Amino acid sequence: MRRPISTQKPRVLALDLDGTLITCRSRQVELAAHVARLRGGARVNRAAFWRLKRAGASTRDAFVSLGWSMADASVLADDWVAEIESPDWLARDELVPDAVAALRYLASRGTRAVILTARRSRSGVVQQLDRLGITSLIDSVIVVPPADVVRKKSLYLRRLSAEGFVGDTEADARAAALAGVKFVAVSGGQRSAAFLIRAGVPLVCRDLMSALRRLSL
């Protein structure tokens, strides 16, 4: 007897990219040092810069905290933004240790993995995923403008009818809350666990696989 064809839609999990599936510390920190050097400024304390970013500071405010004037910090931050998605700097990113295992786990469960990230260039994301060898494990890629990240991500989360969202920032958490989607943060990316907890994020995990378990996926 032939079984009836299932009409149930596959589940969808949305995943942020920077700091969630891929590392971004080297790219962000080394670029900060690079733009400061080009402007003839002092050396950037790389460890301190990254601590400030993970504690919630913007790039400009991190430069200010490290001793630059507000005017100079604004110039450096603009230089930083102009270069942060260039191919040479994106080449510094690597997959987080459990990225492939997590994506394969989702595939084995019949769950669609959708990248939902804030970048200026979608083609840069696609090329990066291909370079990292995970294109076949991703169902689709959605890129939203960084200037409107919370609203745009929330719109796509609703449109996707996502079962959940995994990200690494307070903006990701706000987008999920606005969309009514369960959110789990990973603490190895652009925000520390302490910062995420202070920001009111209820579920914070050390890694991607732990986040999937919290989502019961």
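Computed from a predicted structure; not experimentally measured. Residue indices begin at 1 and follow the sequence shown.
Arg46 places no side-chain N or O within 3.5 Å of a backbone atom of Glu30 that could act as its donor or acceptor partner. In this structure, Asp168 contributes its side chain and Gln190 its backbone to a donor-acceptor pair below 3.5 Å. Using modelled atom types, no side-chain atom of Glu83 and backbone atom of Leu31 make a donor-acceptor pair closer than 3.5 Å. In this structure a side-chain-to-backbone donor-acceptor pair under 3.5 Å is present from Asp98 to Met209. In this structure a side-chain-to-backbone donor-acceptor pair under 3.5 Å is missing from Ser192 to Ala55. No donor-acceptor distance shorter than 3.5 angstrom exists from the side chain of Arg37 to the backbone of Ala42, with no hydrogens or angles considered. In this structure, the side chain of Asp207 engages the main chain of Ser210 through a donor-acceptor pair within 3.5 Å. Using modelled atom types, one side-chain atom of Glu85 and one backbone atom of Ser121 make a donor-acceptor pair closer than 3.5 Å.
Arg119 places a side-chain heavy atom less than 4.5 Å from the side chain of Leu90. At a threshold of 4.5 Å between non-hydrogen side-chain atoms, the residues Thr169 and Asp16 do not count as touching. Here the side chains of Lys53 and Arg25 are not in contact, with every heavy-atom distance at 4.5 Å or above. Side-chain contact check for Val186 versus Val96: every heavy-atom pair is 4.5 Å or farther apart. Residues Leu129 and Leu17 are in side-chain contact: their nearest non-hydrogen atoms beyond the backbone lie under 4.5 Å apart. For the pair Thr111 and Glu163, the minimum side-chain heavy-atom distance is 4.5 Å or more. Annotation: side chain of Arg54 is not in contact with side chain of Phe195 (no heavy-atom distance under 4.5 Å).
Cluster partners of Leu155 are absent, since no Ile, Leu, Val, Met, Phe, Trp or Tyr has side-chain heavy atoms less than 4.5 Å from it.
Atom CG of Leu21 sits about 9.5 Å away from atom OG1 of Thr117, to the nearest 0.5 Å. Put simply, CG on Asp18 and OG1 on Thr23 are 9.0 Å apart, with the number rounded to the nearest 0.5 Å. Here Asp79 contributes atom CG and Ile84 contributes atom CD1; the two are 12.0 Å apart, rounded to the nearest 0.5 Å. Atom-to-atom distance recorded for Leu132:CG and Glu94:CD is 8.5 Å, nearest 0.5 angstrom. Atoms CG and CG, on Leu52 and Asn45 in that order, are 9.0 Å from each other to the nearest 0.5 Å. Atom CG of Leu137 is separated from atom CZ of Arg104 by 6.5 Å, given to the nearest 0.5 angstrom.
At least one test fails for Arg60 against the ring of Phe63: distance under 6.0 Å to the centre or angle within 45° of the axis.
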Report all side-chain donor-acceptor pairs from residues 69-77 shorter than 3.5 Å, counting only partners two or more places apart or in another chain.
{"residue": "Ser69", "atom": "OG", "partner": "Asp72", "partner atom": "N", "Å": "3.1"}
{"residue": "Ser69", "atom": "OG", "partner": "Asp72", "partner atom": "OD2", "Å": "3.4"}
{"residue": "Ser74", "atom": "OG", "partner": "Met70", "partner atom": "O", "Å": "2.9"}

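Counted within 6.0 Å of CZ on Arg120, heavy atoms from surrounding residues, nucleotides or ligands total more than 12; the atom is thus considered enclosed. A 6.0 Å sphere centred on NZ of Lys152 holds no more than 12 heavy atoms belonging to other residues, nucleotides or ligands.
Using a 30° and 60° split on the angle between ring planes, His34 and Trp89 fall in the tilted class, from 30° to 60°.
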